[in-house]
Amino acid sequence: MTVLCLLETDAGGGISDASVRTLVVARELAASAGADLAAAWFGPTEAADAGVLAGAGVTSAWAVGPDARYAPLAWARALSGLANGPAAPVSAVLAAATDHGNEVLAHLAAISDLPMAANCVSAAATAPGEFRLVRQRWAGSLLEDAVLEAPLAVLTVAADAVPAEMAGMTAQPDAVRVEAYTPELADGDQLVMAAESAERRSGVSLASARVVVGGGRGVGGAEGFAVLEELAGLLGGVVGVSRVVTSEGWRPHRQQVGQTGTKITPDLYLACGISGAIQHMAGCQGAKTIVAINTDAGAPIVSKADYAVIGDLHTVLPALIEAIKARSER
Amino acid sequence: MEICVCVKRVPMVGGAIVVTADGMDVDVTMSGFTVSPHEECAVEEAVQITERLGGTVSVLTLGPPDAAGQLRDMLALGAGRGVLLETDGAEWGPVATAGAIADAVRDGGYDLLLFGNEAADTGGYQVPVRVAHALGLPCVTGIKRLQVTGDGDPSGIVASREYRGAEEVFELPLPAVVSVKEGINLPRYPSLPGRLRAKRATIETVVPQPGAEGLRKAGLRMPEAPGKGAQLLGSGTEAVPALVGVLDDLGILP
Ligand SMILES: Cc1cc2nc3c(=O)[nH]c(=O)nc-3n(C[C@H](O)[C@H](O)[C@H](O)COP(=O)(O)OP(=O)(O)OC[C@H]3O[C@@H](n4cnc5c(N)ncnc54)[C@H](O)[C@@H]3O)c2cc1C
Ligand SMILES: Nc1ncnc2c1ncn2[C@@H]1O[C@H](COP(=O)(O)O)[C@@H](O)[C@H]1O
């Protein structure tokens, strides 16, 4: 048996953090089932470093092509073809719970007449065709223990399920062999296909940023964000915001952190003027360290953070920026 | 344009989620009910489209009799017609839900079926895709910008979203299935006349048959919240040296 992971690659042979998390959960599942770990991605064979894959425990891999443009149904068809063809017998297909992963696996489940479980944090095989899962509800504010009965488990892995690090994941010299795979598509599978618009937003994305400087109602208005931008720039990070900030129109919605925004997994989340509502925390519970700056020592964020500064963000942040600048000039 | 928007009744969560004593449900004895912000945006988008191009917005929900309340909330925002697929209140899974929705809309003559990207409570991320396959329609999910194309006679849509820092654009012919995310628009507040009309509106009711589900809930629990209780670094600017120390330890200072 094989557990097959759909991977997203980064330019330069890397695997996205979300896909590393998928491999971590898939490796546990494979171990529980006595199955092998396999990987597939869309793009050239060299798009993922074969040594890194081997280090992650992957024993076979397929690069799907030659047409690797994103078309959700075509991608699902390709995974189905792999699972029933060169990768067979497959007991589970996993992908990261991203826009692509959730969409492709929903298509896979629909065309294969299978159930699907989104946002899993762990999975184990308990019997042939039976799995025990833990998955997120309410964007991770609540966990569900679930039983999945299916000949093939279709699972997506939550963005904050596990740290994006794998014990023993070091590039191996005896790399896995990567084979090219060309799927047989049905008519209309590529009817819905992404065209990438010319306006590519440059810079670090919120979902993958190592540092996020968060601003909430306490920032007080659109102008107030200049100081957060300056600090984020200084630390090589980005600005994230609460829902109040986007519904007030102070900042665009794509910067929203939380249940109906983006899930972030930075090393540092510096939450300024944010109260720490449950829907906001659902988006930042994957942060390694949370530091809150808030005028109210009784705000919920203060009990949920690792560190807190009680004070006005508009005096604390400028002083912090000065201190950091002074330090790096030393 | 004939548009149908699917919304789901979910508990309104305030400070914390409470699980019932048997560990199987969310305790709703003290809570109100609402729909996901994604779905509210789907209704707003549909209303805006019909304001421009004419047509009707229908709203549909599968849920207990009280879910008629959420349909009325959506009627107050400008939807014209409400359909309730009435259940006994037990939780339906995504496979059965999609089957019942597909049956209900199959002969409705809709140009566009709009959904939220995911239900706020169960977060299944699949009902719209399953409905699309059941009806043989093209589908795209997680959309944050939507435009109807075709002069006078709507024939397609251009839908886009941001993915890993780039804008992805999809073109679909109508009829089509689209799920949207909060941020696609800012939903309006219900008007007083809207509220009155919604109160008087009749809700059409259909009773669907439940179906089998391969994914079974065994129990619900709270994640182990570190509940750390932050270490206080101090007040105001006097906390800055300690704060710099924390950032230094994290290795993120330039
Ligand atoms: C279904 C649903 C989904 C939701 N999804 C999201 C989501 O994705 N993301 C999200 O963020 N919210 C979401 N919310 C909203 C959420 O419940 C809160 O309303 C929101 O997060 C509050 O934003 P806030 O912390 O900025 O504002 P507030 O709760 O008003 O908090 C402002 C904080 O700033 C502090 N403050 C004020 N002035 C200063 C100052 N000068 N210096 C320092 N501190 C100061 C105050 O003490 C307070 O703690 C959702 C709600 C629902 C119902
Ligand atoms: N019970 C329901 N009634 C109506 N629409 C629903 C229901 N459940 C899910 N949906 C729709 O399908 C979307 C995705 O749901 P899900 O796949 O369950 O996460 C939701 O945002 C709704 O638009």
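Sequence lines set the chain letters: A, B, ... in the order given, protein chains first and strands last, and positions in each chain run from 1. Only this structure's heavy atoms are used, side chains among them; waters, hydrogens and symmetry mates stay out.
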With no hydrogens and no angle check, is any side-chain donor or acceptor of [X] less than 3.5 Å from a backbone partner on [Y]?
X: B/Glu168; Y: A/Ala194; value: no
X: A/Glu144; Y: B/Thr122; value: no
X: A/Arg137; Y: B/Ala120; value: no
X: B/His133; Y: A/Ile111; value: no

Name the region of [X], side chain, backbone, both or neither, that has any atom closer than 4.5 Å to a heavy atom of chain B.
X: A/Met193; answer: backbone
X: A/Leu133; answer: side chain
X: A/Val134; answer: side chain

Derivation of the side chain to side chain contact (heavy atoms under 4.5 Å, CB included) call for A/Trp138 and B/Val26: CA-CA 11 Å; A/Trp138 293 98; B/Val26 171; 3.9 Å; yes
Residue among [options] with most heavy-atom pairs under 4.5 Å to chain A:
options: B/Asn117, B/Val244, B/Leu253, B/Val140; result: B/Leu253
options: B/Arg221, B/Met222, B/Arg130, B/Lys217; result: B/Arg221
options: B/Val10, B/Leu247, B/Ile184, B/Val13; result: B/Val13

A/Ile324 side chain near B/Pro254 side chain, heavy-atom distance below 4.5 Å: yes
Pairwise side-chain contact, B/Arg164 with A/His100, heavy-atom cut-off 4.5 Å (strictly under):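 Not touching, per the 4.5 Å side-chain cut-off.
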Best-contacting candidate, A/Asp145, A/Ile310, A/Thr246, A/Asn102, against chain B by heavy atom pairs under 4.5 angstrom: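 Result: the option with the highest number of such pairs is A/Asp145.
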Donor + acceptor pair across side chains of A/His253, B/Glu162 (<3.5 Å):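 Absent: no donor and acceptor within the cut-off.
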Structural part of B/Val246 lying under 4.5 Å from a heavy atom of chain A: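 For B/Val246, the contact with chain A is made by the side chain alone.
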Worked verdict on B/Gln126 versus A/His107 for side chain to side chain donor-acceptor pair (under 3.5 Å): CA-CA 8 Å; B/Gln126 55 192 282; A/His107 279 282; over 6 Å; no
Electrostatic pair A/Asp99:B/Lys144 at N-O distance under 4.0 angstrom: no
Plane angle bin for B/Phe170 and A/Tyr70 - parallel if under 30°, tilted between 30 and 60°, otherwise perpendicular: perpendicular
